[in-house]
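Each ligand, and each atom within it, is numbered from 1 in the order the structure gives. Numbering of residues begins at 1 and proceeds along the displayed sequence. For the numbers below, each heavy atom of this structure counts, side chains included, while hydrogens, waters and symmetry mates do not.
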Amino acid sequence: MLKHLALTNVGPANTLEMNLSPRLNLITGDNGLGKSFLLDVTWWALTRRWPQEVNQNLTSGYVAKPNDKEVPASIEFSLDSKTRTVSYTSRYSPRDEAWLGKSGRPWNPGLVIYAHADGGFSVWDPARNYWLKRGNVDVQERIPAYVFTPQQVWDGLTVDLNGKDARVCNGLIADWAGWIREKGISAKRMQTLLNNLAPSDAPSDQLKVAPSLGRLSLNDSRDVPMLRTPYGVDVPIVSASSGVKRIVALAYMLMWSWNEHRLAVKELGEERATQVTLLVDEIEAHLHPKWQRSILRSVLDLAKVMHAQASVQLIAATHSPMILASAEPLFNAKTDAWFDLDLVKGKGTAMHVELSQREFVRRGDISHWLTSNAFDFKEARSLEAEKAIGDAFKLIRGKSKNEVDILRVNKQLRDALGEVDRFWLRWEEYRQSIRGAK
Ligand SMILES: Nc1ncnc2c1ncn2[C@@H]1O[C@H](COP(=O)(O)OP(=O)(O)OP(=O)(O)O)[C@@H](O)[C@H]1O
Ligand SMILES: [Mg+2]
């Protein structure tokens, strides 16, 4: 579990500090302000690997580079390791193009799972990625982490291990097809995961797996899991919708990392991880609002059920007011936190990025989230409606009686607002007051 992060001269803000909460951490902010970057740095602080360094086919998760090479850059963090809370400051070495690490055995943060925005995943398992002891000497001969491109999640991951190809994961299609063929506990578990991730118990919202496997074409000999759609057609999982694929991939990676961890600790005669950190970028990616409304709770509940003996920390980046609204009944200021990245004006005209921890207050209506400091909308309406209402307020505040202006804005409002828009009341009240004054 990550507790604290402080960055200097790296990333979108020249200095940035974050005190994370033990359970749920939400990160909001406009495009390009550093949400994914913060998740990359979090992953690095916990595992000491940059995802793209481990798997060069990734198109994100690159090594963080200082903003100004001539000024010292640092990443300071503290985390709960298996045995105690530890803190460290890593400095960037331009000569090595790397962040310097503490020598010797790194800390063990427990299981770390990172769902990237594009559908890739990174997994760090203390049983399978941690250092080995040879006699009294620590050696890092294990795979440093499991980092999957979106395609490798589906087709499997092969890595170079001591000069030889090692098939470390068979991928969603082959594993899931194998579980369905076996008709055993794994297929049942996968179905339970999917049931729990569904937006509701309604039959039309459930992801149902067809009993038999299918084929994609005569030239493809792979047996592929099929999903039974609510309209009664069986669709190969690769042809499912983007939203369904995102959920299925999430379910599979949770299942794969949990399964493999369980098997590995058994093999090693060790205890299961007592901490799990889940990083999810764009938790709403591809999901309809109905699904966005349930995903946060589903992921928290699932992780807690799968890792019953572990403490689970979820750090999720989002663009969605629905996700924030859905957090209202879950949010507890003692265990949870909300961070918001903003572009703010400093001295003069220069803009800079600032991270603030905001108080999480229940706003109820989703449109109130859109107009909150999470999203900074002036109006939860179309751009045209926002402009028309802005112009209307200028007249109202100026108590203008100019008939030409009033008719012009009236037309703007008529063009942009629906007939039942609540703003009409305000506008009519103003027009009446003008008429009365005449
Ligand atoms: N490897 C890196 N080294 C240094 N800075 C980086 C690195 N990767 C990203 N950044 C910083 O992060 C910014 C991009 O932010 P990021 O991709 O995290 O935005 P985001 O908030 O996730 O946006 P979106 O909502 O569009 O996904 C870059 O402009 C840069 O300042
Ligand atoms: Mg991003």
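Protein heavy atom nearest atom 25 (O) of ligand 1, with residue, atom name and distance: His319 NE2, 2.5 Å. For atom 3 (N) of ligand 1, the closest heavy atom belonging to the protein is Lys65 N, 2.9 Å. Scanning the protein heavy atoms around atom 12 (O) of ligand 1, the nearest turns out to be Pro12 CD, 3.7 Å. The closest protein non-hydrogen atom to atom 2 (C) of ligand 1 is Ala64 CA, 3.7 Å. Scanning the protein heavy atoms around atom 26 (O) of ligand 1, the nearest turns out to be Asn31 ND2, 2.9 Å. Nearest to atom 13 (C) of ligand 1 among the protein's heavy atoms is Gly32 O, 3.8 Å. For atom 17 (O) of ligand 1, the closest heavy atom belonging to the protein is Ser36 CB, 4.1 Å.
For ligand 1, the atoms sitting less than 4.0 Å from at least one non-hydrogen atom of Glu282 are 27 (O), numbered in the order shown with element in parentheses. The ligand atoms of ligand 1 that sit less than 4.0 angstrom from a heavy atom of Leu33 are 19 (O), 21 (O). Interface atoms of ligand 1 facing Gly34, defined by a heavy-atom separation under 4.0 Å, are 15 (O), 16 (P), 18 (O), 19 (O), 20 (P), 21 (O). Taking every non-hydrogen atom of Tyr62 and a distance limit under 4.0 Å, the qualifying atoms of ligand 1 come out as 1 (N).
Geometrically, ligand 1 and Leu38 share no nitrogen or oxygen pair separated by less than 3.5 Å. At least one N or O atom of Val63, backbone or side chain, sits closer than 3.5 Å to an N or O atom of ligand 1. Geometrically, ligand 1 and Phe37 share a nitrogen or oxygen pair separated by less than 3.5 Å.
Side-chain atoms of Thr158 and Asp165 form no donor-acceptor pair, as typed in the model, at a separation below 3.5 Å.
When distances to the Mg ion (ligand 2) are checked against a cut-off of 2.8 Å, Asn31 contributes no N, O or S atom below that limit.
No salt bridge links Arg262 with Asp125; every basic N to acidic carboxylate O contact stays at or beyond 4.0 Å.
The backbone N or O of Leu207 sits less than 3.5 Å from a side-chain atom of Gln191, completing a donor-acceptor pair. Proximity of a side-chain donor or acceptor of Asn9 to a complementary backbone N or O of Asp68 within less than 3.5 Å is detected. Remark: the backbone N or O of Arg49 is paired with a side-chain donor or acceptor of Trp43 at under 3.5 angstrom. Checking side-chain atoms of Glu97 against main-chain N and O of Pro94 turns up no donor-acceptor pair under 3.5 Å.
Contacts between Asp30 and ligand 1 below 4.0 angstrom, taking non-hydrogen atoms only, involve the backbone exclusively.
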For this session: Check the pair Glu284, Trp291 against side-chain contact (heavy atoms from CB on, under 4.5 Å), reporting the backbone distance first and the verdict last.
Result: CA-CA 8 Å; Glu284 72 280 10; Trp291 221 326; over 6 Å; no
Exercise. Taking it one step at a time, do Asn196 and Ser298 satisfy side-chain contact (heavy atoms from CB on, under 4.5 Å)?
Worked result: CA-CA 6 Å; Asn196 289 325; Ser298 305; 5.7 Å; no
For this session: Go through the steps for Trp179 and Asn259 under the test side-chain contact (heavy atoms from CB on, under 4.5 Å), then give the verdict.
Result: CA-CA 12 Å; Trp179 301 335; Asn259 244 348; 4.3 Å; yes
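The 12-atom threshold is not exceeded at NZ of Lys411, counting heavy atoms of other residues, nucleotides or ligands nearer than 6.0 Å.
Atom 28 (C) of ligand 1 is never approached by the protein to below 4.0 angstrom, counting heavy atoms only.
Side-chain contact between Val10 and Lys65: absent, with no pair of heavy atoms (C-beta onward) separated by less than 4.5 Å.
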